There are 4 protein chains.
Amino acid sequence: MKEKIIRASITLFEQRGFSSTSVQDIVDLIGATKGTFYYYFKSKEQLLMDIHREYISDLLRRQEVILENGDWSSGQKLSAMVDMLISDIRKNGPSARVFFRDIRHLSEKNIRIITEDRDRFRLNFEEIIRKGAESGEFRKDIRPDMAAFGILGLANFSYNWFDPEGEVNPEELAVIYSVMILEGIVARN
Amino acid sequence: MKEKIIRASITLFEQRGFSSTSVQDIVDLIGATKGTFYYYFKSKEQLLMDIHREYISDLLRRQEVILENGDWSSGQKLSAMVDMLISDIRKNGPSARVFFRDIRHLSEKNIRIITEDRDRFRLNFEEIIRKGAESGEFRKDIRPDMAAFGILGLANFSYNWFDPEGEVNPEELAVIYSVMILEGIVARN
Amino acid sequence: MKEKIIRASITLFEQRGFSSTSVQDIVDLIGATKGTFYYYFKSKEQLLMDIHREYISDLLRRQEVILENGDWSSGQKLSAMVDMLISDIRKNGPSARVFFRDIRHLSEKNIRIITEDRDRFRLNFEEIIRKGAESGEFRKDIRPDMAAFGILGLANFSYNWFDPEGEVNPEELAVIYSVMILEGIVARN
Amino acid sequence: MKEKIIRASITLFEQRGFSSTSVQDIVDLIGATKGTFYYYFKSKEQLLMDIHREYISDLLRRQEVILENGDWSSGQKLSAMVDMLISDIRKNGPSARVFFRDIRHLSEKNIRIITEDRDRFRLNFEEIIRKGAESGEFRKDIRPDMAAFGILGLANFSYNWFDPEGEVNPEELAVIYSVMILEGIVARN
DNA sequence: TATGAATGAGGTTTCATTCAT
DNA sequence: GATGAATGAAACCTCATTCAT
């Protein structure tokens, strides 16, 4: 039941946003009552927090795996992470959109908790870029912090428009974006 | 008065989001009354629509100017647009954040109207990339559509984290990102 | 309208208590809507606070008048205050009962504010008794603090059972109680 | 278990009042579940009734003992009862406060039952005073009914402010109040 | 003896909107 | 131009109670 509520709410939060989705809407979708909702969740915000926590901790876990792969170059790791983000749209697109858009409806305290994890995720990107630059694999003059933000923006924006069942599939898009990040778009000879 | 209401509402919408900001909040901020609000706006949504229309039409106007500059290469035009987006944070950051986040609170009909303009803006990016690829300035194997989305994501994400008064100024960030887009991050010799 | 709401709520709070009276009950009684209620009061608690403030400040004002009467002995002042409390039942009985019973439903902060006034009222009793003892009018061995509490308990309890329209009228009861306090119940010769 | 529930509920009812205390609050305090509560009590009101019944019947039992003491004068009996009430604060203060304050949350039928006992208790006071007056121990012109109410108010009000562990102990306060009732506060020579 | 899941009625509060002035 | 009073729908949430286990 709890799981059913979470799934239904992700669907609705994605479509209408957190504050435009009422608890009534959620329980209507699964044929339950408001009483039941509040049996499982202390508040609507707590449900949102649960969604956030699950989303970001899952992402961090998978990022960890990539980071610890000793065989890969920095570029390969970066590509793997971009692939991870984009491939994830298929399964977790709705969660992700809720994550990006509705964080502000958490309480101050919860925002801090989530932001910490989100920052960790980003700093891991930054770290890889820094290492790649130090090792000579990447250009020495790039700013790892700005580059990390840029890559994340590029990859994450796909959640807003990319259709995993469309003409281009997620794996292909991941390759396209990895090349773009690593090589740029200017032609060479 | 109308202008005062718009400015106050942008501030509040940015901070709390459209649906968490009440008409009361808005008029309180400027010392007016709800009656006055409804004298100037048919509805809360209409105010949001006004904000959206103004934001996107301003952006399109300025993009036009860049597009029509016959002296610039595709790369220069692209850089100019990235610069335009990022430099704009200083003045229009709040409007932009409202634009990105709260479009969903417009009515279906209004969403269509705004989306049309937003698409036009993106397709202009796509067009430049296509022309650059055709002319040999850019790589032939890039997909202009995906690349355009990527560049927009990269540039627009800065609205969420970039502090124009911080260590790096907008013009510098624009250069950093233009180089990144055009040249990639991989080192060459 | 605001006054109507206050009067209706005093009636209902007295009968059913604060937490068993709903805002709906109140507005039903005067043919208004809940919206109207919240136009005039920030919350149900604030209405309760208004009632408390009005009740105690009125009482203090009238106590002041008695205190400042230079012609009266301590015993006369005490009697006058007992009379004031009991005669007040007729007009302010319901308010008083709400005041005594439902103070606990105020917020901590508001409880402190009201308690301050209530204490002042009591300390004024204490002060008169102390002066009467010092001047030799009252026995030297009485404790003004305990005596003040006792007199207040005795007088205020009448709010719970005394019917101003019954066999004994308020002025008579006030005399009965004044004599009892001053002279005791034991017979003398 | 039943006893544990009763004790926990008295604590909570005293602090927050009957209607502001939820069954959940009660079972939380003792680490039980709502199911358990309803195994032992038909309803929340029934628990309140149990508390009331126990409190008043205990008081009546002890009053009886005093009444039946043939050796005591009316004044001594009155003093003994005042002492009983005040000394009781130490052990039964919380129950007493619940008794005075929350009777109104019983059903009409239960209110009648409890009121009967409470009246009996009061009438026993009245009876002693009447006898004392008839025997010439007390003044002939006092009204036993009004005097009984007054004494009860005076004594019971101490439940609202008296700290049994404070500067004055209960036995001392009982003496102070007995003297006050019997002798009054006016000085004699 | 005890529990955990579920409910439904009703509670307080918010709020966009209307309208007479 | 501007306002203040009023509304009604709907929001979040609480809670006494039931019941299968």
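In what follows, chains carry the letters A, B, and so on, assigned in the order in which the sequence lines appear, proteins first and then strands, with residues in each chain numbered from 1. A quick note: this is a predicted structure, and the numbers were derived from the prediction, not measured.
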K.L.:
Can you tell me the distance, in whole Å, between the NZ atom of C/Lys4 and the P atom of F/dA5?
P.N.:
15 Å
K.L.:
Name the one of D/Arg7, D/Arg101, D/Arg97 that satisfies salt bridge (Lys or Arg N to Asp or Glu O under 4.0 Å) with D/Glu14?
P.N.:
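Going through D/Arg7, D/Arg101, D/Arg97 one by one, the salt bridge (Lys or Arg N to Asp or Glu O under 4.0 Å) with D/Glu14 is satisfied by D/Arg97 alone.
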K.L.:
DNA chain E in dot-bracket, Watson-Crick or G-U pairs under 3.5 Å, [ ] crossing, | other strand?
P.N.:
.||||||||||||||||||||
K.L.:
Which sits closer to the 5' end of DNA chain F, C/Gly31 or A/Gly35, going by the nucleotide each is nearest to?
P.N.:
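First, find each residue's nearest nucleotide; the 5'-ward one identifies C/Gly31.
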K.L.:
Starting from the 5' end of DNA chain E, give me the residue, B/Ser22 or C/Asp25, whose nearest nucleotide shows up first.
P.N.:
C/Asp25
K.L.:
In whole Å, I'd like the distance from the CD1 atom of B/Ile5 to the P atom of F/dT3.
P.N.:
10 Å
K.L.:
Does D/Tyr39 have a side-chain nitrogen or oxygen under 4.0 Å from the phosphate oxygens OP1 or OP2 of E/dT1?
P.N.:
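For E/dT1, OP1/OP2 do have a side-chain N/O of D/Tyr39 under 4.0 Å.
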K.L.:
How long is the gap from CG on D/Leu59 to CG on D/Asn92, to the nearest 0.5 Å?
P.N.:
8.5 Å
K.L.:
Could you please name the option among E/dA6, F/dT17, F/dT3 that lies closest to any side-chain atom of A/Met1?
P.N.:
E/dA6
K.L.:
What's the CZ-P distance between C/Phe41 and E/dT13, to the nearest Å?
P.N.:
13 Å
K.L.:
Between atom CD in C/Gln24 and atom P in F/dC13, what is the gap in whole Å?
P.N.:
21 Å
K.L.:
Could you tell me whether D/Glu54 atom CD has more than 12 heavy atoms of other residues or ligands within 6.0 Å of it?
P.N.:
no
K.L.:
Considering every strand and a 4.0 Å limit on heavy-atom distances, what is the contact class for C/Thr36: base, sugar-phosphate, or nothing?
P.N.:
base
K.L.:
Relative to each other, are the rings of C/Tyr159 and C/Phe100 parallel, tilted or perpendicular (30° and 60° limits)?
P.N.:
perpendicular
K.L.:
Any side-chain N or O of B/Tyr38 less than 4.0 Å from the OP1 or OP2 oxygen of E/dT17?
P.N.:
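So the side chain of B/Tyr38 is within the cut-off, an N or O lying under 4.0 Å from OP1 or OP2 of E/dT17.
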K.L.:
What is the distance, to the nearest angstrom, from the NZ atom on C/Lys2 to the P atom on F/dA6?
P.N.:
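Between P of F/dA6 and NZ of C/Lys2: 12 Å.
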K.L.:
Could you check whether D/Lys44 makes a cation-pi contact with D/Phe37, meaning its NZ or CZ is under 6.0 Å from the centre of the six-membered ring and within 45° of the ring axis?
P.N.:
no
K.L.:
How many Å lie between NZ on C/Lys34 and P on E/dT13, as a whole number?
P.N.:
11 Å
K.L.:
Please report the interatomic distance CD1(B/Ile114) to CZ(B/Arg53), rounded to the nearest 0.5 Å.
P.N.:
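It comes to 7.0 Å.
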K.L.:
What is the separation between atom CZ on C/Phe37 and atom C1' on E/dT14, rounded to the nearest whole Å?
P.N.:
14 Å
K.L.:
Heavy atoms under 4.0 Å, any strand shown: does C/Thr21 hit a base, just sugar-phosphate, or nothing?
P.N.:
sugar-phosphate
K.L.:
For atom CD of B/Glu116, is the number of surrounding heavy atoms from other residues, nucleotides or ligands below 6.0 Å larger than 12?
P.N.:
no
K.L.:
Side chain of C/Thr33: nearest nucleotide among F/dT7, F/dA16, E/dT7?
P.N.:
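Nearest to the side chain of C/Thr33 among the choices is F/dT7.
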K.L.:
For the side chain of A/Ser43, starting at C-beta, report the closest nucleotide among E/dA16, F/dC12, F/dC13.
P.N.:
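So the side chain of A/Ser43 is nearest to F/dC13.
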K.L.:
Is any side-chain heavy atom of D/Phe18 closer than 4.5 Å to a side-chain heavy atom of D/Leu106?
P.N.:
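Not in contact.
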K.L.:
Measure from CZ on C/Phe18 to P on E/dT12 and round the result to the nearest Å.
P.N.:
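It works out to 8 Å between those atoms.
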K.L.:
Can you identify which nucleotide, out of E/dA2, F/dA6, F/dT3, has its nearest atom closest to the C/Tyr40 side chain?
P.N.:
F/dA6
